[in-house]
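A short write-up of the structure that comes next.
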Amino acid sequence: MSPGDGAGPDGWRRLDKRAVLVTALVMAGLAAGVCAPVLLGLGGGALFGDGPRRGGVLPLLAAAVVPVLGGAAVEYVRWSRTRYRIGPERAELHSGLLLVKRRSLARSRIRSVDLTAHPLLRVLGLVKVRIGTGEHTGGDSTLALHPVSRAEGERLRRELLARPAAPAGDGHRDGLLAALDPRWIRYAPLSFVAPLLGGAAAGGLMQAGEWFGAQDEVIGWVGDRFRDTGVGWVVLALGTAALLAGVVGALGLWVEMWWNHRLEREPGGTLRVRRGLLTTRSISVEERRLRGVEVVEPLGVRLAGAARVDAVATGIAEPGDDRHADHKTLLPPVPRRLAHEVAARVLREAVAPTGTPLTAHPRAARARRLRWGAGAALLPVLVLGVLGVVLTGEPAEAASVVAVGCALVLPPLAVLAALDAYRGLGHGISGAYLVTRSGTVRRATVALHRGGVIGWTVGQSYFQRRAGLVTLTATTAAGAGAYHVHDADRSEGLAFARAAVPGLLEPFLEPAPEARPQPDPEPKPIPGPDPGRAADDGGPAHPGG
């Protein structure tokens, strides 16, 4: 164990002392990034020769040393004034010089211990540990230890997440649930990240040209390459180049995020995701916090027959806590059949609820989507047509030409999108889970544990009332907090909500006037968790978790 991890007589430990070295190296890298262009501008020989330029180099080097030493000194003070202790009842962290902060978490409330290590930490054998209660993100529900040794991080994770082993006999053993298949990388360029990265690459190239005063040269060089080429071909060629750059970037990003991916179930009921090439991450999701899964199919990935799997659980970190972590994703885009199989393994089910047949929605829902699509397609045509009438000269001609092009292209695309959105609608009940599916650009199938539903919201607009439709929203403390059943038949949708969670919606429904009062039948119990394994966050425990 490294010197920074040793416990004192009272159980208090310090962070790893190499935190000072990490800060010094980071500051040195920043200083080098700022000073290197200036040194190049002064000339390479000025560093060792005589002349007027040398007088500007030495102060520059001195100015680069100051932030390195200053950052290291500040980090040393922070390290010397920070200590933590894992006691029988609480995990405690004390930090600060003048204003000492004392924070603690009850061990009974700790639900996640995530480990992260960027390349510099990995080289030094260090990790950042994030301890959370799963109640909300950040604030008093999280303790961050940055950094400790890798061995100390693993010790903390095992100690704080130690739980009694789940009873055997459910047919789902602990261990590996899914591991990386390099062939999954073929789905990386199919996401919307690729064109975004392509646009960012083009913008970055122009920005770099402006920094170095070479933007006009870059534009001139590109113009020379396409001097005798039509405008349409130029746009096509540049768009293709940007898209290829985006594909390369998407492939690199996928490798960085998902290399060495492993999804495991540990004894005691904890799902652990480990992944990352340069920056490694270990994310834990306690099964008692799990309320279901979401199989997500973005349009490009869906056309290739693939999907990813996200966890629907309480207390998962938001992107603002770690914008690169993506804490809820259990499995990257994989073949759709495998995604449903892994969803079943995660939920300890023989058959994935996300793959069961669902109830289709009435044709009135299709008509609504066709009207929305028609409106969305005709609006730009109308605006461009008005501009063509109002404007004069070349702008009017250009607006008219674009309006005609939009009129030819947008309506067919809108119809296809509307029909696809309608085909994606569906809902149903599969064992202990209610299932809902919707979306076209991002289609998502959610399997939500029925015991995790804490309320229903019934929404009906004027046009929905005329069409006999209703939108149901299942509220829960997990995941997005609300999952929708869009444009279901009114009678069938209300019957679905009553059957999914008996007794929750009935007090708010008015009986039909012609119906005779009859005694309420005995409500069918929702399949629940194993006895003695109740959750502690106000919701039910995961069945078998």
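All heavy atoms count here, side chains included; hydrogens, waters and symmetry mates do not.
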Judged by atom type as modelled, is there a donor-acceptor pair below 3.5 Å linking the side chain of Arg345 to the main-chain atoms of Leu177? yes
Is the number of heavy atoms from other residues, nucleotides or ligands under 6.0 Å of Arg498 CZ greater than 12? no
Got Val247 and Leu251 here, is their nearest side-chain heavy-atom distance under 4.5 Å? yes
Under the criterion side chain to side chain contact (heavy atoms under 4.5 Å, CB included), I'd like the reasoning laid out for Val446 against Val435: C-alpha separation, chi angles, the key distance, then a yes or no. CA-CA 6 Å; Val446 180; Val435 185; over 6 Å; no
Quick check: closest heavy atoms across Ala339 and Leu331, and the distance to 0.1 Å? CA-CD2, 4.3 Å
What heavy-atom pair brings Leu469 and Ala365 nearest, and what distance separates the two atoms? CD1-N, 3.8 Å
Please identify which of these residues, Arg272, Glu154, Arg274, Arg275, meets the side chain to side chain donor-acceptor pair (under 3.5 Å) condition with Ser282. Arg272
For Phe496 and His427, I'd like to know if the aromatic rings sit close, meaning centre-to-centre distance below 6.0 Å. yes
Arg308 CZ to Glu294 CD distance, which is reported to the nearest 0.5 Å: 7.5 Å
So, Ser112 versus Glu286: side-chain donor-acceptor pair below 3.5 Å or not? no
For Gly451, does its backbone N or O pair with a side-chain atom of His449 as donor and acceptor, under 3.5 Å? yes
Pick out which of Val129, Ile283, Thr270, Leu143 makes a side-chain contact (heavy atoms from CB on, under 4.5 Å) with Val113. Val129
Looking only at heavy atoms, which two atoms of Pro412 and Val409 are closest? And how far apart? CD-O, 3.2 Å
Would you confirm whether Asp114, through its side chain, and Ser284, through its main-chain N or O, come within 3.5 Å as a donor-acceptor pair? yes
Any Lys/Arg nitrogen of Arg368 or Asp487 sitting under 4.0 Å from an Asp/Glu carboxylate oxygen of the other? yes
Please test Ile131 against Leu160 for side chain to side chain contact (heavy atoms under 4.5 Å, CB included), starting from the C-alpha separation and ending with a verdict. CA-CA 9 Å; Ile131 304 170; Leu160 293 174; 3.7 Å; yes
Between Ser104 and Arg90, does any side-chain donor sit less than 3.5 Å from a side-chain acceptor? yes
Full working for salt bridge (Lys or Arg N to Asp or Glu O under 4.0 Å) between Arg348 and Glu287: CA-CA 10 Å; Arg348 298 180 183 265; Glu287 285 189 282; 3.0 Å; yes
Flag, side chain of Ser430 to backbone of Tyr433, donor-acceptor distance under 3.5 Å: no
Going by heavy atoms in the side chains, are Arg78 and Ser95 under 4.5 Å from each other? no
If you count every heavy atom of other residues, nucleotides or ligands that lies below 6.0 Å from Arg122 atom CZ, does the total exceed 12? yes
Sub-4.5 Å side-chain heavy-atom contact between Arg85 and Arg13: no
What I want to check is whether the side chains of His118 and Thr279 have a donor and an acceptor closer together than 3.5 Å. no
Between Leu93 and Leu145, is there a side-chain heavy-atom distance shorter than 4.5 Å? yes
Greater than 12 external heavy atoms within 6.0 Å of Arg465's CZ: yes
Say whether, by atom type as modelled, one donor and one acceptor occur between the side chain of Arg466 and the main chain of Phe463 under 3.5 angstrom. no
Determine whether Arg107 and Glu92 satisfy the following criterion, salt bridge (Lys or Arg N to Asp or Glu O under 4.0 Å), listing intermediate values before the conclusion. CA-CA 10 Å; Arg107 290 190 58 174; Glu92 302 174 81; over 6 Å; no
Any non-hydrogen side-chain atom of Thr280 less than 4.5 Å from a side-chain atom of Leu121? no
What do the steps show when you test Leu126 against Val148 for side chain to side chain contact (heavy atoms under 4.5 Å, CB included), and what is the final call? CA-CA 6 Å; Leu126 304 174; Val148 298; over 6 Å; no
For the NE2 atom of His94 and the NZ atom of Lys101, what is their distance to the nearest 0.5 Å? 13.0 Å
Would you call Thr116 and Val127 a side-chain contact if the rule is heavy atoms closer than 4.5 Å? no
Of Arg442, Arg366, Arg302, Arg369, the one forming a salt bridge (Lys or Arg N to Asp or Glu O under 4.0 Å) with Asp420 is Arg302
Under 4.5 Å between any side-chain heavy atoms of Leu504 and Ile454, yes or no? no
Roughly how far, to the nearest 0.5 Å, is CG of Leu494 from CG of Asp489? 9.0 Å
Under a 3.5 Å distance rule, please check whether Thr476 uses its side chain to pair with a backbone N or O of Gly452 as donor and acceptor. yes
Nearest heavy-atom pair of Ala497 and Leu505: which atoms, and what distance? CB-CD2, 3.6 Å
Atom OG1 in Thr436, atom OH in Tyr483: separation rounded to 0.5 Å? 11.0 Å
With a 3.5 Å distance limit and no angle check, can you tell me whether Arg437 reaches the backbone of Gly424 through a side-chain donor-acceptor pair? yes
CH2-CH2 distance between Trp254 and Trp259, expressed to the nearest 0.5 angstrom: 7.0 Å
Grab the two heavy atoms, one from Glu256 and one from Leu278, that are nearest each other, plus how far apart they are. OE1-N, 2.9 Å
Nearest 0.5 angstrom please: Leu425 CG to Arg443 CZ, how far? 8.5 Å
Do Thr329 and Val309 make a side-chain contact, defined as non-hydrogen atoms from C-beta onward lying under 4.5 Å apart? no
For Pro502 and Arg450, work out which heavy atoms get closest and say how close. CD-NH2, 4.4 Å
